[in-house]
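Shown next, in structure tokens, is the structure this report addresses.
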Number of protein chains: 2
Amino acid sequence: MAYVTIKDVAKRAGISVSTVSCALNGKDRISNETKRLVEQAVQELHYIPDSRARAMRSLSTKTVGLLVPDIRNGYFADLAYAVQDELSQAGYCTYIGTSSENVRQQDAFIMDMLSQHIDGAIIVPQGQMSDALRRLLKRQLPVVFVDRSIEGVDAETVPLVVSDPIPGMRDALRDMKDLGHRKVGYISGPVLGSPTLQERELAFRQCATQLFGEENIFVESSGFGQSSCELVIQRMLSVGVTALVFGYSPDTVQAISVMDGVDGILNQGMSFVSFDDIELFRLIKPQVSVISQQVQKLGGLGAQIFLDMLRGEKPESQRVDTVYMQRGTVQLIG
Amino acid sequence: MAYVTIKDVAKRAGISVSTVSCALNGKDRISNETKRLVEQAVQELHYIPDSRARAMRSLSTKTVGLLVPDIRNGYFADLAYAVQDELSQAGYCTYIGTSSENVRQQDAFIMDMLSQHIDGAIIVPQGQMSDALRRLLKRQLPVVFVDRSIEGVDAETVPLVVSDPIPGMRDALRDMKDLGHRKVGYISGPVLGSPTLQERELAFRQCATQLFGEENIFVESSGFGQSSCELVIQRMLSVGVTALVFGYSPDTVQAISVMDGVDGILNQGMSFVSFDDIELFRLIKPQVSVISQQVQKLGGLGAQIFLDMLRGEKPESQRVDTVYMQRGTVQLIG
DNA sequence: CTGAAAGCGCTTACAG
DNA sequence: CTGAAAGCGCTTACAG
């Protein structure tokens, strides 16, 4: 079945192509009679405008690219959903791509986007600057970074939508203090090259120092591989730490899995809180206390700022407060 | 920054647009010298062909639509990843859309796809036939249904890639029998209007009857809402059922969550197995025994069949065997 | 209020 | 081996 074109509609309605186009796009003053004719022909023929052809003439393609590290990760799936939801309401079609935390794949996706002439992109960058990313940026298209940033990219040109670790961190640590904990630890994840994780660690240092004193806080600056997980926790215990903050949720998942469940950790006398309110943490018993980044909010806000930029407004970076959700894994000491 | 076009490349290389086009697409016999010239100009100018313009002239847009019920569901995220991976290797760009188990949103996405002139679509249909779906099908574009089917759609025109519940079901039930269970139950989920779930229930009835005898199998034909979950299990226990198969993983998740964890169910004296090998089932302790649909395989196969259709081959529906993965939730009776 | 014409960036026969 | 021309489906000034 061949596609119905605007020509077919014009022929059917007995008027010119340009008039049909105007009628369809609400341009000029078209007589009601003509509008009706067009409407009818469109219905009868099941005409669907070719957005590619349309895009070639107008400046906009009404498509935007969304790049996430991995769509299989529940956190990013939530983010993608929120972004797509917001954009589709504004009439934009979202291309979702997965970089697999891998520059090659990221670049391939960006080049694809570029060749599709997307109107802009929302990106969760990973690692550093890359060729394709540089090219995308040079295009001067609206681009927003969400959840993570890249060193050396000017927040003036690429606004950032990331969460502010402080509020959630502070509340979590206060809760620990209220429950009698005196020494607290932090496991920071693969902090190298991730400004977000670096900032998170800094937030811990600040808040914890204030509440517990510098001599009572302990930080393990890197995440752990399969083997060392129990070791790290043992080490923390041996210096008297009784409550832990996990800065990187995959570490938490691993710890839970390796230590024989949440209870395995608690039974050692270690309370804990994790970043990221992922589904797993809500489903297992006891539920894991978290510092939520409010990812739907991050995504929604990212999309909104993006839409603002499309409208020509000056972009402005935004922070979303993290929120501490008290659940079962921070227990009274002793 | 304005886009670099083929004209710019031609000018830079000092040759005509058509020659550049031919050189780029490997058509005709172009002299090596000319090829080099083009190559160089492309490099210098950072030329990226406009795929929309290209698509308008050729028949294909090199894009395909992928519709899943909800990308936030880990199962579909895995599926989407597998499909996208396979298609991108073949040079196709995948639009991923979420229907939210909602016909309106599904139709909006399909109409979008149609207006983008996708080369075809891979769809996890939900509910019944809809207007937009009918239109998509009428376009005679390659379409493949994955994971679910729709009543009244001819498998000749829309091949189906779904899993075969029998192998996994049989092995699961055998395991139960080996461990001493004599009466088994099945909770089927929202079976109405879902041929896949219906078939799954049938598979249970067949296999279980064979192994345990008709009088020893019990089926609750609908999934449960929040409240009745414990009730259903109690009812099963009261008739002597000691092992359960969940046909619909959201039911399992709910049961685990409501019954205070996996142990909450096991402690009542109820062993169980669930369909779908989702991440959660692997992370909690004890791990949940599952009947896996091998979703990556489903997705990959769906994409392959789709690509076959694009090449003009006759489509053929495929089955993927389910696989029973024995883990901790089927215990020795007594 | 309506239509003829030009052009978006590309490809594809068709001459040369 | 290379180039001029037509055309994909649409929109957008510009006349009328």
Side-chain angles (χ1 to χ4, degrees), chain A residues 1-39 41-42 45-63 111-119 139, chain B residues 1-39 41-42 45-63 111-119 139:
Chain A
M1 216 176 93
Y3 275 99
V4 174
T5 75
I6 198 173
K7 269 191 201 162
D8 302 316
V9 175
K11 201 175 294 171
R12 176 71 148 240
I15 50 183
S16 79
V17 164
S18 13
T19 305
V20 172
S21 175
C22 288
L24 253 27
N25 296 292
K27 290 265 174 178
D28 288 7
R29 305 118 302 183
I30 302 284
S31 74
N32 283 329
E33 170 60 5
T34 304
K35 272 186 198 149
R36 212 190 45 71
L37 243 43
V38 169
E39 189 63 34
V42 166
L45 265 39
H46 293 306
Y47 170 64
I48 304 175
D50 181 341
S51 28
R52 302 160 314 152
R54 173 175 284 176
M56 284 195 56
R57 291 270 45 199
S58 41
L59 274 320
S60 148
T61 54
K62 291 285 184 185
T63 58
M111 291 306 266
D112 251 347
M113 297 299 89
L114 246 20
S115 87
Q116 299 281 352
H117 285 214
I118 45 161
D119 289 349
R139 293 252 88 254
Chain B
M1 219 176 91
Y3 275 100
V4 173
T5 75
I6 199 172
K7 270 189 200 163
D8 301 314
V9 175
K11 201 175 295 171
R12 176 71 149 238
I15 51 182
S16 78
V17 164
S18 13
T19 305
V20 173
S21 175
C22 288
L24 253 26
N25 296 292
K27 291 264 174 181
D28 288 7
R29 305 120 300 182
I30 302 283
S31 74
N32 284 327
E33 170 61 6
T34 304
K35 271 187 199 149
R36 212 188 45 72
L37 244 41
V38 170
E39 189 63 32
V42 165
L45 267 39
H46 294 305
Y47 170 64
I48 304 176
D50 181 340
S51 27
R52 303 159 314 153
R54 173 175 284 175
M56 285 196 56
R57 292 272 41 201
S58 39
L59 276 319
S60 147
T61 55
K62 290 287 183 183
T63 58
M111 291 307 266
D112 251 347
M113 296 300 88
L114 245 21
S115 87
Q116 299 279 356
H117 285 216
I118 45 160
D119 290 348
R139 294 251 84 256

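The chains referred to below are lettered A, B, ... by the order of the sequence lines, with proteins before strands, and numbering in each begins at 1.
- The shortest non-hydrogen separation linking B/T34 to B/T19 is CG2-CG2, 3.8 Å.
- In this structure, the side-chain hydrogen bond (donor to acceptor under 3.5 Å, both in side chains) partners of B/D50, at least two apart in sequence or on a different chain, are B/R52.
- A donor-acceptor contact under 3.5 Å is not formed by the side chain of A/R52 with the base of D/dG9.
- Ion pair A/E39/A/R36 not flagged as a salt bridge, since none of the NZ, NE, NH1 or NH2 atoms sits closer than 4.0 Å to an Asp/Glu carboxylate oxygen.
- Among the protein residues, A/T19 comes within range of the nucleic acid bases, having at least one heavy atom under 4.0 Å from a base atom.
- Taking only side-chain nitrogens and oxygens, B/Y3 never comes nearer than 4.0 Å to OP1 or OP2 of C/dC10.
- OP1 or OP2 of C/dT2 has at least one side-chain nitrogen or oxygen of A/T34 nearer than 4.0 Å.
- Contacts of A/S31 with the nucleic acid, taken as non-hydrogen atoms under 4.0 Å apart, involve only primed sugar atoms and P, OP1 or OP2.
- Summarising the geometry, the separation between CD1 on A/I6 and P on D/dC8 is reported as 14 Å, rounded to the nearest angstrom.
- Between C/dC1 and A/K35, no contact under 4.0 Å exists linking OP1 or OP2 to a side-chain N or O.
- By the side-chain hydrogen bond (donor to acceptor under 3.5 Å, both in side chains) test, A/R12 is found to be paired with A/E44, residues two or more places apart in sequence or in another chain being considered.
- Taking the side chain as every heavy atom from C-beta outward, A/S21 and A/I6 approach each other to under 4.5 Å.
- Where DNA chain D pairs in unbroken runs of 3 or more (Watson-Crick or G-U, both distances under 3.5 Å), the stems are C:1-3 with D:14-16, C:5-12 with D:5-12, C:14-16 with D:1-3.
- Within the structure, a side-chain polar atom (N or O) of A/S16 is placed less than 4.0 Å from OP1 or OP2 of C/dG3.
- The closest side-chain heavy-atom distance from A/M111 to B/I48 is below 4.5 Å.
- Atom CZ in B/R57 sits about 9 Å away from atom P in C/dA13, given to the nearest Å.
- Within 4.0 Å (heavy atoms only), A/T5 reaches sugar-phosphate atoms of the nucleic acid but no base atom.
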